Number of protein chains: 4
Amino acid sequence: MSRTTSIYDTSNAAEIAQMAATKGLIETGAFFHGNRWSYGTSSNYSVVLSHDPVRILITASGRDKSKLSSGDFVVVDDTGSPIDPKYPKPSAETLLHVVAAKDAGAGAILHTHSIWGTLLSDLYADKKGFKIEGFEMLKGLAGINTHASSKWIEIFENTQYIPDLATVVRERLLDPINPLKHGYLIRGHGLYTWGRDLDEARRHIEIFEFLFELYGRRLSIH
Amino acid sequence: MSRTTSIYDTSNAAEIAQMAATKGLIETGAFFHGNRWSYGTSSNYSVVLSHDPVRILITASGRDKSKLSSGDFVVVDDTGSPIDPKYPKPSAETLLHVVAAKDAGAGAILHTHSIWGTLLSDLYADKKGFKIEGFEMLKGLAGINTHASSKWIEIFENTQYIPDLATVVRERLLDPINPLKHGYLIRGHGLYTWGRDLDEARRHIEIFEFLFELYGRRLSIH
Amino acid sequence: MSRTTSIYDTSNAAEIAQMAATKGLIETGAFFHGNRWSYGTSSNYSVVLSHDPVRILITASGRDKSKLSSGDFVVVDDTGSPIDPKYPKPSAETLLHVVAAKDAGAGAILHTHSIWGTLLSDLYADKKGFKIEGFEMLKGLAGINTHASSKWIEIFENTQYIPDLATVVRERLLDPINPLKHGYLIRGHGLYTWGRDLDEARRHIEIFEFLFELYGRRLSIH
Amino acid sequence: MSRTTSIYDTSNAAEIAQMAATKGLIETGAFFHGNRWSYGTSSNYSVVLSHDPVRILITASGRDKSKLSSGDFVVVDDTGSPIDPKYPKPSAETLLHVVAAKDAGAGAILHTHSIWGTLLSDLYADKKGFKIEGFEMLKGLAGINTHASSKWIEIFENTQYIPDLATVVRERLLDPINPLKHGYLIRGHGLYTWGRDLDEARRHIEIFEFLFELYGRRLSIH
């Protein structure tokens, strides 16, 4: 009697999930690049394939986000290293994704490098952030239920040594009094945000980028 | 002898109308989201299927407007409740659609959440509105026949308790002296407008959003 | 012996030319609307099918420019009247097209209603125009050969009585000393330009709209 | 015995390379025009087919960049002359491409004519340039490894006599102390940049245009 293998055995289910995540991030790249949020091979995106052990599907270093294909992705572990030598070099900022996956429980992490985000991250760097309040759009951030809310947009100094920045972000995420939530800006560099899945992470990107443009345009008016 | 049923009997005609309305709102969502008028699952759209009894096809709560499908819509009655338990939860602002259908005679109601609309709704909230005049584009609003017109853009305070806002809007629509016409802004939240059908409502959205951007950019110039 | 008719006899050639012009203007509408230059059914476009007698293919009144079809066009004569009762009502501004065809020798006439064009047409109305100089882009206007040129953008007051405006424009086109060239703005209303054919008219639209946005953004900087 | 010719003999390989380059530039034109970086037939693009002898595939003069086809390209030699009389007239600025190919080792050269690039090239012409520093995006320029970099954007005066400008650019590229790198602006006219191949040249365009818009918008804020 022949033994049949279900297409839903563990390894295949994982493979299907990885394919779906890849497809979702390719589509995300086309949309973000079309919005000028990922120019010049900047920015990077990931989906968490599993939390235990940590397996993150993330864009490889230096790829054109307007035309990603399956060869432009890497699966990394909780040290940010590729789990297989077949993969290309992951994004230089992979550790920021690992921290969001482990310490913020993220299911997907997105980094955009928009003009308004970059501008505000530089303009308010000395104050380490700026406050947005009174806008209905804030309600789209997970856990916020009224427009009468106030959101502090935290800004970290940029660095070329990402492990240091990852440590600082981790401390803020785990802060017992006032933990960092939803996302943050890096000076002159753009936005990191995340969600329980790719849909929520994309919603958060849209909300932050909307609020940054709104805030920036407001500054041009007297 | 067999009995045949015309495909044009009442229930089928209603079904076809609902399908056409759904298709029109799906296409509207793609266009509005592409214009950054419906980011972060914000905004909502409806078509009035009948006025007596009131039956309104409206977007369900919290859907991504860039990729609506038929499962993202609800039919509600004049209390804003779904007419069938099969439907998902309607938009939290459904009562504002009901009021426009009943008291402004609207055939379609559209809400956008644009950057310029949100910015102006906040900037002029204390004055409860602002005036636009002298622009040819005003002639595109139903019933306005000359550019030498003046349009007061009314702003209501935002609230998380929509029935209160619906009551205030209703009073303004029924004001015997100076009734509210064409649409209004909600502070920090965006635009509501409507028309006798979806085409007219979309035309009104384009006109208001054009005028808001024009007005906003003018403020940046000395 | 049977008589055969060439598909290239006069009437068929005219029919083919009209079909090609219709196709060109439909595509123009999609592009212009996508650029927010023709919102709210504003603006209108034409191709001159013949100069003697004057036959102009022009958009009908009040059509959505994002989705024009062959039923959205009219052929008019030198009085701006449809040559056949089968046609819908032509654009209210048809006489401005007739004047450009007759007195500027235009082969195609395009009117856009952009935000920057509208803003500048209002801001400089009292001075009846503004000057643009020193930009390479000016060389794209027919007959200008160096960036070291100066172009006066003429602004006419808006009116709801188009025959009066047509007369004023005609006088300026026929001015023996300093004739109006390339195009003009109408206050709070937008741009009219033309070219020897549709390609040149579209090039002129792109150049003017580029220069308006450049000029407008420059005004926001100190 | 018959003699067979490999499809990979020299002339065929060259032909295939030229076809690929043509396809790449057609796609580049559609993207740039869609971004309003190549309006009114402005701007021009090239790929270097060989350096020895110099053979450059470049856009012909005066073509609409939104819809380039293979007939809109010319192959020129190191004097900027077409290598075959079958070709149309090359871009008037062909010598600037020749200089970048010969003296900067470029594999592809791209010129955009954007609103922000044009605006800044005029605003800072008297200072012959402006400095951008502290932005992560600078790292996308070939050879820059940290955001803590400073990039001087050099501006040359515009001219209608391109050989003179080509000589000035050449001198700056060959400057033994402080050679011009990555690209430059021409006053009121836009950006020239290049890369070792078309992908790198496009990346440089995206980076410069991002930084110009960022810089320009920053100037509108107090």
Side-chain angles (χ1 to χ4, degrees), chain A residues 30 32-44 61-67 72 91-93 96 111-126 130 155-162 165 185-192 212-213 215-222, chain D residues 23-24 27-28 30-32 34-37 110 112 114-117 120 132-151 182-183 191 193 195-222:
Chain A
F32 284 11
H33 189 275
N35 268 358
R36 298 178 303 154
W37 295 343
S38 294
Y39 265 14
T41 76
S42 73
S43 87
N44 43 67
S61 182
R63 305 304 161 108
D64 182 339
K65 300 307 183 296
S66 71
K67 48 179 182 183
D72 295 321
S91 164
E93 294 159 28
L96 298 177
H111 165 39
T112 43
H113 199 131
S114 74
I115 287 167
W116 289 108
T118 304
L119 193 160
L120 294 174
S121 73
D122 190 54
L123 197 63
Y124 292 100
D126 291 345
F130 56 98
I155 301 170
F156 297 103
E157 278 298 319
N158 198 12
T159 173
Q160 295 314 310
Y161 190 63
I162 295 297
L165 180 53
L185 284 169
I186 305 174
R187 181 177 193 165
H189 185 150
L191 169 69
Y192 270 84
F212 295 163
E213 181 169 344
Y215 197 99
R217 291 195 183 281
R218 181 64 186 81
L219 292 174
S220 302
I221 294 175
H222 310 275
Chain D
K23 189 167 171 285
E27 199 271 317
T28 296
F31 174 54
F32 284 11
N35 268 358
R36 297 180 301 156
W37 294 344
L110 297 172
T112 43
S114 74
I115 286 165
W116 289 107
L120 294 174
I132 296 181
E133 60 185 339
F135 291 106
E136 181 74 12
M137 193 58 89
L138 288 166
K139 283 174 59 188
L141 296 176
I144 294 186
N145 298 312
T146 169
H147 69 281
S149 298
S150 167
K151 176 75 193 163
H182 302 114
L191 169 70
T193 186
R196 64 175 181 271
D197 55 23
L198 182 55
D199 278 349
E200 189 171 278
R202 277 183 64 160
R203 194 180 80 221
H204 286 173
I205 285 284
E206 289 189 2
I207 289 166
F208 277 119
E209 293 294 351
F210 177 97
L211 292 168
F212 294 163
E213 181 168 345
L214 175 62
Y215 197 99
R217 292 196 182 279
R218 181 65 186 79
L219 292 175
S220 302
I221 294 175
H222 311 275

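The analysis underlying the following values was restricted to heavy atoms, covering all of them including side chains, and did not include hydrogens, waters or symmetry mates. These numbers come from a predicted model, not from an experiment. By convention in this document, chain letters (A, B, ...) are assigned in the order of the sequence lines, proteins followed by strands, and residues within each chain are numbered from 1.
Distance CD/E157(A) to NE2/H147(D): 7.5 Å, rounded to 0.5 Å. With rounding to the nearest 0.5 angstrom, the CG atom of L219(A) is 9.0 Å from the CZ atom of R218(D). Taking CG of N158(A) as the reference point, atom OG1 of T146(D) lies at 8.0 Å (rounded to 0.5 Å). From D199(D), atom CG reaches atom NZ of K67(A) across 4.5 Å, with rounding to the nearest 0.5 Å.
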Practice item. List the steps and the verdict of side-chain contact (heavy atoms from CB on, under 4.5 Å) for Q160(A) and N145(D). Key: CA-CA 9 Å; Q160(A) 295 314 310; N145(D) 298 312; over 6 Å; no
Point to revise | Test side-chain contact (heavy atoms from CB on, under 4.5 Å) applied to E136(D) and H113(A), step by step | key: CA-CA 9 Å; E136(D) 181 74 12; H113(A) 199 131; 3.7 Å; yes
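Looking at N35(D), the atoms closer than 4.5 Å to chain A (heavy atoms on both sides) all sit in the side chain, from C-beta outward. With a 4.5 angstrom heavy-atom cutoff, S66(A) does not touch chain D via any of its atoms. Heavy atoms closer than 4.5 Å to chain D are found nowhere in S121(A), neither backbone nor side chain. In this structure, no portion of I221(A) lies under 4.5 Å from any heavy atom of chain D.
Annotation: maximal heavy-atom pairing with chain D below 4.5 Å, among T159(A), L119(A), I186(A), occurs at L119(A).
T41(A) approaches E206(D) most closely through the heavy-atom pair N-OE1, 4.5 Å. A pairwise comparison of heavy atoms in S42(A) and M137(D) identifies OG-CE, 3.7 Å as the closest pair.
Checked against I115(A) for a side chain to side chain contact (heavy atoms under 4.5 Å, CB included), the options F212(D), F210(D), Y215(D) give a single hit: F210(D).
Taking the six-membered ring for Trp and thresholds of 30 and 60 degrees, F31(D) and Y39(A) have ring planes more than 60 degrees apart, a perpendicular arrangement.
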